[in-house]
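For reference, the structure discussed in these notes is given below.
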Amino acid sequence: MVGVAKRKRRKMTPREREQQQAKMMPREIAQQQAEQAMEQFILWSKRACMWIGIGLLMVVVACNNGVETGPSATGSKYNGEQYNPSNLKVK
């Protein structure tokens, strides 16, 4: 259903939950427990992904984004003379 807002359920006390479950069928109890488990799974998945992202960002920043600086820096450096295409025949 498009445009239908979900109502937030308030947290029930353990006594209220027991009273409600006494009136429910086992199938309804299982459905309710499955919904609660799914909500917790989504919540903890989001938290884990957030912390993993923060950790990876910290590693990238700590490694200076992979840029080497200083006199002993290695890596490829552009040499224009080496890559001069003077031996190519251009029409």
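In this structure, Met24 CE and Gln31 CD are separated by 9.0 Å, a value rounded to the nearest 0.5 Å.
Every residue two or more places apart in sequence or in another chain was checked for a side-chain hydrogen bond (donor to acceptor under 3.5 Å, both in side chains) with Gln33, and none qualifies. Every salt bridge (charged side-chain N to carboxylate O under 4.0 Å, His left out) that Glu16 has, sequence neighbours left out, goes to Arg10.
Remark: side-chain polar atoms of Glu28 are paired, donor with acceptor, to backbone N or O of Met25 under 3.5 angstrom.
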Contacts under 3.5 angstrom, residues 45-58 side chains, donor-acceptor by atom type, not counting sequence neighbours:
unit_1 : atom_1 : unit_2 : atom_2 : d
Ser45  : OG     : Phe41  : O      : 2.8

